[in-house]
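To start, the structure itself, in C-alpha cells.
Numbers here are sequence positions counted from 1. Atom set for the values below is all heavy atoms of this structure, side chains included, hydrogens, waters and symmetry mates excluded.
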Amino acid sequence: MQELPDCLYEGEQPSLITPSSPTPNQTLYLSNLDDHHFLRFSIKYLYLFQKSIPSLTLKNSLARVLVDYYPFAGRIRVSEDGRKLEVDCNGEGAVFAEAFMDITCQEFLDQHSPKPNKSWRKLLFKVQAQGFLDIPPLVIQVTYLRCGGMILCSAINHCICDGIGTSQFLHAWAHATTSQAHLPTRPFHSRHVLEPRIPPRVTRSHPGFTGTTTVDKNSTFDICKYLQSQPLAPATLTFSRSHLLRLKKTCAPSLKCTTFEVLAAHTWRSWAQSLELPLTMLVKLLFSVNMRKKLNPELPQGYYGNGFVLACAESKVQDLVDGNIYHVVKSIQEAKARITDEYVRSTIDLLEDKTVKTDVSNSLIISQWARLGLEELDLGGGKPMYMGPLTSDIYCLFLPVAEDNDAIRVQMSLPEDVVKRLEYYMVKFLDGKDNEDENSYV
C-alpha cells in the first residue's frame, strides 16, 4: 500500500469557525450513554469528492449550521463534582484546516483505498492537546487535489453524538452549503430525557458490561490485549447484494433475518475461526442498536446524542464455529429483542456506577455505519466517490459503499496472518461459480 504525499498548508492554519450569530452560553448535560468511558474518542470520517467546493463557501455554511448545532462549537469539560462530562457551550468554534495534496481522485482510489493506512492521518489536522478533553469536539480538514477534487475529513467527539447524530449534523452542514432555507430537521439538544432514575434500578442482566468467564477455567486468553500487542493490518471485504442474498438463503426458509443479522453472524463466526480460539472459550458479540423508537415515549425527532445501546450475544467458540449459522443468527435476534425501554433505563442506571466498563476482553464489537445515509452526503458537487473511516481498528465496521446502496463493506484490523484466515473464512460460503468475484472482496 503506497503512502500518501504530504499535505501542503498555506497561511495561518487552522482557523476557528465560530457560529455566525449569537448562541446560548450554557452547559449541556451529557447522559450516561454519552459520557461513558467507552465513547471517549472521536468518530473520524473520510470523504472523497470528484468536485471541490471553495473553502470560503464551506466555512460560511459551517458558521451558519453551528448556530443550530452550537454544542459542536463548545468544549467538553469535567463537571464540578468530577463525576461526569458536560459541554461548555461557549462558542469558541470548530477547527477548520485547508490543504493541498499532489494526487488525483483516481490515484487515491487505485493506489490507496479501500484499506486505510497510517499515512491517511495526514488528511486530518492534528490538534496539539494534552488530552482527549482538550481537543475541540469538531475538527475538519478539506484537502484540495490536483485534479480539482477534494478530500473532506472530520473528527466528531463521540460523547456529543452517535453515528446517526453525525450523519444528521453533516447533512445539516450540506443543507446550509446548498440552501438558505431552514434546516429540514431541527436538532434536539437536551439529554435530560435519558437521566437515570432516583434511586437507580438495575433490573436487567447486562453481560456486555461484565467480565467474560470461560467454560475452561484454565483459559485466561484475553483477545483484546492480544490484538493490541500485535502489529495490525486492515482487512476489508465488500459484499454485494447477491452475496448478501446468498448468505440469507443459508437461514431460509425456517428463519427470516435482516442483512445485518446474517452478516454479523457470518463475521462473528469467521472472526472466531480466524483467531483459532480455544473451543471452550465463551466469546461475545457486542453490536449497537438504535433505541430512539424503543423508548416510551420515543426520543424526540432530531435527537443527535448517543441514542444506542450495545446488545450482547454470547456463545462458546465450538458452538459458534461448528454449529449452523441459523443458531448464531437466532442468538443475535434474541439479543436485539432484549433492547426494550426497561433495558435501556436499566443500562442508564447501571452506568451511574462510574467503575462499570464495556467488556471488550473476549468480544467482537460491530458498529453499523451502513444505512445511516453517510454515503449520501452532497455539499454541492455531487455525492462522494468514496466514504469510510480515516483509520482502522480492532473493532469491526459495516460500511456503506459509494454508488452501490445494496452493498456493505466489512472492515477491521487484525494481525496479518489472521487477516489472511479471516478473508478465507469470510468468502468460503461461496461456491465455484462465484469464485471469480472473490477479488472484489479485498
Side-chain angles (χ1 to χ4, degrees), residues 19 21-36 38-39 43 62 64-74 76 79 84-89 91 94 137-138 154 156-176 179 181-198 200-201 203-204 287-311 336-352 367-369 371-374 376-377:
S21 59
T23 56
N25 188 352
Q26 62 187 35
T27 298
L28 177 68
Y29 166 85
L30 294 177
S31 78
N32 285 347
L33 300 180
D34 292 319
D35 81 341
H36 183 49
F38 184 63
L39 297 187
I43 305 171
L62 182 60
R64 289 200 306 277
V65 82
L66 286 176
V67 175
D68 290 289
Y69 285 86
Y70 57 87
F72 288 72
I76 306 272
S79 61
K84 288 183 64 63
L85 299 182
E86 60 189 21
V87 184
D88 179 12
C89 300
L138 177 60
S154 62
I156 305 174
N157 192 305
H158 207 331
C159 295
I160 288 184
C161 55
D162 59 8
I164 291 173
T166 60
S167 182
Q168 180 180 311
F169 168 75
L170 289 171
H171 280 281
W173 182 21
H175 180 83
S179 170
H182 291 299
L183 296 180
T185 301
R186 305 286 294 182
F188 188 88
H189 300 291
S190 176
R191 316 294 165 93
H192 289 288
V193 288
L194 296 180
E195 280 186 308
R197 296 173 287 200
I198 301 177
R201 301 194 304 276
T203 59
R204 296 290 187 270
F287 58 97
S288 52
V289 175
N290 177 18
M291 53 74 172
R292 284 165 171 78
K293 294 186 179 299
K294 295 183 181 292
L295 295 184
N296 185 19
E298 296 178 0
L299 286 180
Q301 185 180 17
Y303 187 90
Y304 62 88
N306 285 284
F308 77 93
V309 291
L310 288 176
K336 285 174 68 176
R338 287 193 286 270
I339 309 300
T340 61
D341 177 87
E342 181 57 34
Y343 186 95
V344 174
R345 301 291 174 188
S346 179
T347 302
I348 293 168
D349 290 354
L350 173 72
L351 294 176
E352 272 293 275
S367 182
Q368 166 84 307
W369 286 18
R371 315 291 189 255
L372 300 183
L374 289 165
E376 300 292 320
L377 186 69

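Checking side-chain atoms of Thr23 against main-chain N and O of Tyr70 turns up no donor-acceptor pair under 3.5 Å. In terms of modelled atom types and a separation under 3.5 Å, the side chain of Asp35 and the main chain of Lys84 share no donor-acceptor contact. A donor-acceptor contact shorter than 3.5 Å is absent between the side chain of Ser167 and the backbone of Ile164. Side-chain atoms of Asp349 come within 3.5 Å of backbone atoms of Arg201 as a donor-acceptor pair (strictly under, hydrogens ignored). Side-chain atoms of Arg204 never come within 3.5 Å of backbone atoms of Ser346 as a donor-acceptor pair (strictly under, hydrogens ignored).
The only member of Thr347, Asn296, Thr203 that meets side-chain hydrogen bond (donor to acceptor under 3.5 Å, both in side chains) when paired with Glu342 is Thr203.
No side-chain heavy atom of Arg197 sits less than 4.5 Å from a side-chain heavy atom of Ile348. Under the 4.5 Å side-chain criterion, counting only non-hydrogen atoms from C-beta, Ile43 is in contact with Trp369. Contact check for Met291 versus Leu194: side-chain heavy atoms found under the 4.5 Å cut-off. Val87 places none of its side-chain heavy atoms less than 4.5 Å from the side chain of Pro137. A heavy-atom distance below 4.5 Å is found between the side chains of Tyr29 and Glu195. Residues His171 and Thr185 form no side-chain contact, since every pair of their non-hydrogen atoms from C-beta on lies 4.5 Å or further apart.
Closest of all the heavy-atom pairs between Arg191 and Ser31 is CB-N, 3.9 Å. The nearest pair of heavy atoms linking Ser288 to Leu310 is N-CD2, 3.8 Å. Closest of all the heavy-atom pairs between Ala174 and Leu377 is CB-CD1, 3.8 Å. The nearest pair of heavy atoms linking Phe169 to Leu138 is CZ-CD2, 3.6 Å.
Separation of atoms CG (Leu39) and CD1 (Ile160) is listed at 12.0 Å; rounding is to 0.5 Å. Rounded to the nearest 0.5 Å, atoms CG (Leu66) and OG (Ser21) are 10.5 Å apart. Atoms CZ and CG, from Arg186 and Asp68 in turn, are 4.5 Å apart once rounded to the nearest 0.5 Å. Note: Thr27 OG1 to Leu30 CG = 10.0 Å, rounded to the nearest 0.5 Å. To the nearest 0.5 angstrom, Asp88 atom CG is 10.5 Å from Leu28 atom CG. Here CZ of Phe287 is found 7.0 Å from CD1 of Ile339. Values are rounded to the nearest 0.5 Å.
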Take Asp162 and Arg292 through the test salt bridge (charged side-chain N to carboxylate O under 4.0 Å, His left out) and record every step on the way to the result.
CA-CA 12 Å; Asp162 59 8; Arg292 284 165 171 78; 3.0 Å; yes
Side-chain donor-acceptor pairs of residues 299-307 under 3.5 Å, sequence neighbours excluded:
unit_1, atom_1, unit_2, atom_2, d
Tyr304, OH, His189, ND1, 2.7
Asn306, OD1, His158, ND1, 3.1
Asn306, ND2, Asp34, OD1, 2.9
Asn306, ND2, His158, O, 2.7

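Between Phe72 and Tyr69, the angle of the ring planes goes over 60°, which puts this pair in the perpendicular group of the 30/60° scheme.
Atom NE2 of His192 is surrounded by more than 12 heavy atoms from other residues, nucleotides or ligands within 6.0 Å.
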